[in-house]
2 protein chains.
Amino acid sequence: MAGQGGRRAGAARERLLAAALTLFARQGVSGTSLQMIADELGVTKAAVYHQFQSKDDIVLAVVGPAIDGLAGVIGPAEAQTTGARRRAVALRGLVDLIVRNRRLAAILYADPVVVDLVRTDPALRAYGERMKALLAGPEPDVATKVAVSVLGGGLAGAAVDPLLAGVDDATLHEHLLATGRRILRVRPGSGPHSAGCSAAVAIR
Amino acid sequence: MAGQGGRRAGAARERLLAAALTLFARQGVSGTSLQMIADELGVTKAAVYHQFQSKDDIVLAVVGPAIDGLAGVIGPAEAQTTGARRRAVALRGLVDLIVRNRRLAAILYADPVVVDLVRTDPALRAYGERMKALLAGPEPDVATKVAVSVLGGGLAGAAVDPLLAGVDDATLHEHLLATGRRILRVRPGSGPHSAGCSAAVAIR
DNA sequence: GTCTATACGCTGATAGAC
DNA sequence: GTCTATCAGCGTATAGAC
């Protein structure tokens with residue numbers, strides 16, 4: 001389940017991914033050329049192109065761990081016995097994941113190239129649908145569909161917002177969870193104890 | 001106040017803007033080259049460059065009417081006498097504006113190039129800050145700042161979401177307003193009667 | 001396995017002729 | 001207003017050196 005993005009290891013490959021993440025976070029995917037990544041590593045463009053078949057490949061590899069994290073949230077959430085619990089566990093796990101990967105959230109969210117990539121990839125697309133299904137429940141009415149849509153955009157937006165960059169993770173997590181519950185009309189008590197979810201995946 | 005994006009009129013200019021909006025909405029700003037716009041009009045790239053100094057100029061001109069619409073919301077909202085009313089009027093006006101300009105919202109929102117452009121332009125930036133100030137009130141606590149941030153991303157996200165493309169404007173408006181009130185913890189009764197705001201600006 | 005050299009077609013942008 | 005011509009830079013791609 002882990003590492004569907006290809007994992008041939010190699011030191012150069014890891015260095016490249018680290019540099020790419022830094023540059024992507026700073027100036028977006030579209031705003032980062034292969035030349036910039038190459039310059040950052042002190043090699044030529046072709047050297048970069050040798051390890052990844054395309055720029056999209058690099059993006060997918062950078063984003064991979066977060067996708068694994070999403071899978072780590074979805075699994076336990078789907079195992080819950082009631083719809084309310086599934087919703088509560090999914091929400092908490094999603095907030096958790098986003099807070100822990102704010103920089104990555106900005107990349108995933110703010111760039112249409114990446115959004116398109118994620119929407120195109122069948123496996124990634126399936127994760128998104130399962131997450132939405134968990135949050136919305138079966139056969140949701142329009143109000144619920146709107147709420148889930150707002151939640152998705154809202155969580156991502158908050159993670160990206162430079163005005164919230166100074167807020168520490170714990171505080172952001174608390175308020176994001178509270179806001180999310182208001183959006184979905186979930187009572188704070190719902191869901192089991194602490195819920196064992198989200199396989200860490202703190203990127204950088 | 002209207003038309004700060006430059007309004008030399010001219011039939012060719014208007015045709016160009018219409019073509020640009022269509023292409024931007026369909027494939028994003030970054031995904032639309034000047035060549036595509038030129039081809040759509042049956043002219044060369046250089047002809048496009050004669051009317052606009054840069055691609056950014058075109059984007060700003062396309063987005064201009066929506067900015068005017070935002071100004072039309074902010075003014076009346078700031079004229080309200082209490083913080084609660086200012087918040088209520090601003091929220092309703094913002095939802096109104098976004099629902100009426102869904103296609104444009106997708107352009108404004110989903111592309112980091114445009115987001116950057118808007119964030120860079122001092123006048124546009126000021127509108128955004130005034131809107132946030134209206135929604136958050138003076139000296140907001142962290143919870144409120146998070147809520148406003150989530151609201152912004154959420155409204156935009158819902159406007160863009162292809163899953164909600166089939167929902168008609170009135171229904172979307174209703175549920176978006178309800179969700180927004182839950183996010184900001186505004187009671188449905190707040191704010192005066194209907195509130196005269198938002199200068200139409202239905203693009204296309 | 002890791003890299004360089006080289007090239008293709010495209011982009012946004014500029015200068016100047018008609 | 002529109003054209004042709006030209007520019008550096010981009011993502012992409014192949015061939016081949018070590």
Side-chain angles (χ1 to χ4, degrees), chain A residues 3 5-24 26-63 107 111-118 120-121, chain B residues 5-24 26-63 107 110-118 120-121:
Chain A
R7 196 131 302 175
R8 315 250 175 300
R13 194 185 161 94
E14 293 305 318
R15 279 200 312 138
L16 199 157
L17 284 178
L21 174 59
T22 303
L23 291 173
F24 286 168
R26 194 187 305 151
Q27 51 208 331
V29 173
S30 302
T32 303
S33 69
L34 295 189
Q35 187 66 66
M36 293 175 189
I37 297 175
D39 289 351
E40 184 87 6
L41 297 169
V43 297
T44 61
K45 244 190 336 179
V48 171
Y49 196 79
H50 174 79
Q51 315 212 35
F52 295 90
Q53 288 187 329
S54 68
K55 193 181 182 183
D56 286 2
D57 257 38
I58 300 179
V59 174
L60 285 174
V62 166
V63 150
I107 297 174
D111 207 305
V113 176
V114 183
V115 171
D116 233 73
L117 212 61
V118 171
T120 302
D121 188 299
Chain B
R7 197 130 300 176
R8 314 254 176 299
R13 195 187 162 94
E14 292 306 318
R15 280 200 312 139
L16 199 157
L17 284 178
L21 175 58
T22 302
L23 291 172
F24 286 167
R26 193 188 305 150
Q27 50 207 330
V29 172
S30 302
T32 303
S33 68
L34 296 189
Q35 188 66 67
M36 292 174 188
I37 297 175
D39 288 350
E40 185 87 6
L41 297 169
V43 297
T44 61
K45 247 190 328 181
V48 171
Y49 262 103
H50 184 261
Q51 318 214 33
F52 295 91
Q53 289 187 330
S54 68
K55 193 181 182 182
D56 287 1
D57 257 37
I58 301 178
V59 175
L60 285 174
V62 166
V63 150
I107 298 175
D111 206 305
V113 175
V114 184
V115 172
D116 234 72
L117 210 61
V118 171
T120 302
D121 188 297

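Letters A, B, ... are given to chains in the order of the sequence lines, protein chains preceding strands, and every chain is numbered from 1. What you see is a predicted model; the values in this text were computed from it and never measured.
Atom CG in A:Leu41 sits about 13 Å away from atom C1' in C:dT2, given to the nearest Å. With rounding to whole Å, A:Phe52 atom CZ is found 15 Å from C:dG1 atom P.
At a threshold of 4.5 Å between non-hydrogen side-chain atoms, the residues B:Arg26 and B:Leu23 count as touching.
Residues that satisfy the side chain to side chain donor-acceptor pair (under 3.5 Å) test with A:Ser33, not counting sequence neighbours, are absent from this structure. For B:Asp116, the salt bridge (Lys or Arg N to Asp or Glu O under 4.0 Å) test picks out B:Arg119, with sequence neighbours left out. The side-chain contact (heavy atoms from CB on, under 4.5 Å) search around A:Tyr49 returns A:Leu34, not counting sequence neighbours.
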- Indicate for each nucleotide in nucleotides 4-18 of chain C, in 5' to 3' sequence, whether protein heavy atoms under 4.0 Å reach the base (B), only the sugar-phosphate (S), or nothing (-). BB-----SBBB----

Distance-only donor-acceptor hits, side chain of residues 39-47 of chain A, under 3.5 Å, sequence neighbours excluded:
residue: A:Asp39; atom: OD1; partner: A:Gln35; partner atom: NE2; Å: 3.0

